[in-house]
Number of protein chains: 2
Amino acid sequence: MPDAESHDGRPGRTPLSFAAIADAAIRLADHGGMHAVSMRKVAAELGSGTMSLYRYVANKEQLYALMCDTVLAAEPAPARSGDWRADLRALAESERAVYRRHPWMLDSISPLGPGGIARVENSLALLAPTGLAMDDIVGVLGMVSSTVHAAIRHEMSVADLHRSTGMDVHEWHAAHSGDIKGLQGGEFPMVARMIAETGRVDHDAAFHRSLAIVLDGVAALIARTGAG
Amino acid sequence: MPDAESHDGRPGRTPLSFAAIADAAIRLADHGGMHAVSMRKVAAELGSGTMSLYRYVANKEQLYALMCDTVLAAEPAPARSGDWRADLRALAESERAVYRRHPWMLDSISPLGPGGIARVENSLALLAPTGLAMDDIVGVLGMVSSTVHAAIRHEMSVADLHRSTGMDVHEWHAAHSGDIKGLQGGEFPMVARMIAETGRVDHDAAFHRSLAIVLDGVAALIARTGAG
DNA sequence: CGCGCCCCGATACGGTGTACGCACCGCCGA
DNA sequence: TCGGCGGTGCGTACACCGTATCGGGGCGCG
């Protein structure tokens, strides 16, 4: 038999592996969201049978974890300069870039796997010189992450709104302000003001504003710790 | 026919209404998570036919929005004292209490409805005296919310871990640190230190630590704005 | 009393995650 | 050389999901 490569079937492509499965699933999720990822679809994408995937992952949750870990492993940790503020900012930007490319990673939280650990190590190390206690370091990193999450989540919800209704936020507010009684009559003046004053949404600006708040808070924490 | 109330059937209970549907769905979600909420289950809970729900909500997403709005409407906005820092803290605590009672509200973001608007008005008003621009106010509130979200999400993931494996975080780390090559060999010293130094998880303390960072950041923003 | 309208919900369809068990292949001991 | 065997791929089946469709039955009105 001149069959050069293994035994596997006609219709298939790659011989099925963690990497191949993760790549196919990520490809599907990247355009179509997690909604577009199903065991059948992933299997179809690689030309294999649905149940074959279960030889590699125990269930869909593990597939999701595999996807996340694969993404994290591919993303290099940002370089460190020694200036915690600059490094934290770079970390946040890098994380934001990742989530923007793979918004489905916000759908759920998966535990830290082998691929993400280098990034975590890098993040922790970045704050070591500040002299903060480990609890504080972890807390700070959590805050930075949640800032990124919130920004992306908001950005995506605006994008979804636009995709599904064709309206931008302003138009949507105008269309729906009538639904809520008491909005016209000045019962909610601040909300009315917010709607009126909100111009074009600038996601970058909003993100950097939020990040600045966090970084200032961290600076205060470091100052307090060092001084105390 | 001595049937006193309308025409509807034997097995049913309440005559079906927005409130009844929302309450039933919330009841299911509160213990069992969003996973336990399906059109059939909600209908069964109120003894009606599945498709009857569609007379009140167009699809499951709208049911979810209805659930969220109902919860928000029932939760009174915290009183304001005039001290933005105290008020922001109270807002965060109140929000945290809500999400703790209804963790499924973190599963997705639903647009602001009539029930939540009073709380939003209150939150915006709370920051008006600081003299911040509307964009900054919205950004600050977003940061506070995302702090709460992150804290709850983390708390829930720890609870899930415990429920599904019976381990606490420490035991889980111990059990899985072998899976990641290079963790034993000192390749990731900070991660190793984090695992070693992490004691019992104190969610309250972690939450207040994060919140303090944000509040300090907001103070810096206000000072900068006022001074500039 | 009879008719038409309208609302309720049974049924059905296409999709999902996944348990089960069979077919097949390459390896290894006899 | 042959026989068995472990492991992998996957066809089939089941329970459940969201929801489109449509038939039947109760009510209001003429």
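Quick note on labels: first sequence line is chain A, next is B, and so on, each numbered from 1. This structure is a prediction, so every number in the text was calculated from the model and none was measured. The figures that follow rest on heavy atoms only: side chains count, while hydrogens, waters and symmetry mates do not.
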Taking atom C1' of dG18(D) as reference, at what distance in whole Å does atom CE of Met34(B) sit?
13 Å

Check: Ser94(A) side chain, Ala90(A) main-chain N or O, donor-acceptor pair, under 3.5 Å:
no

So does Lys41(A) get a side-chain nitrogen or oxygen closer than 4.0 Å to the phosphate oxygens (OP1/OP2) of dT16(C)?
yes

Can you measure His35(B) atom NE2 to dG18(D) atom C1' for me and round it to whole angstrom units?
15 Å

Would you mind checking if Glu95(A) and Arg100(A) are paired as a salt bridge, meaning a charged N to carboxylate O distance below 4.0 Å?
no

Length of the line joining Met39(A):CE and dC10(D):P, which is rounded to integer Å:
15 Å

Interatomic distance where CZ belongs to Arg55(A) and P belongs to dG21(C) [whole Å]:
13 Å

Tightest non-hydrogen contact, residues Ala43(A) and Leu53(A), listed as N-CD1, 3.9 Å

Between His102(A) and Asp30(A), do the side chains contain an N or O donor and an N or O acceptor separated by less than 3.5 Å?
yes

NZ of Lys60(B) versus C1' of dG15(C): gap in Å, rounded?
14 Å

dG18(D) base to Arg40(B) side chain: any donor-acceptor pair below 3.5 Å?
yes

OP1, OP2 of dG9(C) versus side-chain N and O of Thr50(B): anything below 4.0 Å?
no

Using whole Å, what does the distance between atom P of nucleotide dC16(D) and atom CG of Asn59(A) come to?
18 Å

Phosphate OP1/OP2 of dG9(C) contacted by Tyr54(B) side-chain N/O (<4.0 Å):
no

Round to the nearest Å and state the distance from Met51(A) atom CE to dC14(D) atom P.
15 Å

Can you measure Leu53(A) atom CG to dT8(D) atom C1' for me and round it to whole angstrom units?
13 Å

For Ser38(B), report the nucleic acid contact type (base, sugar-phosphate, nothing); a contact means any heavy atom under 4.0 Å.
sugar-phosphate

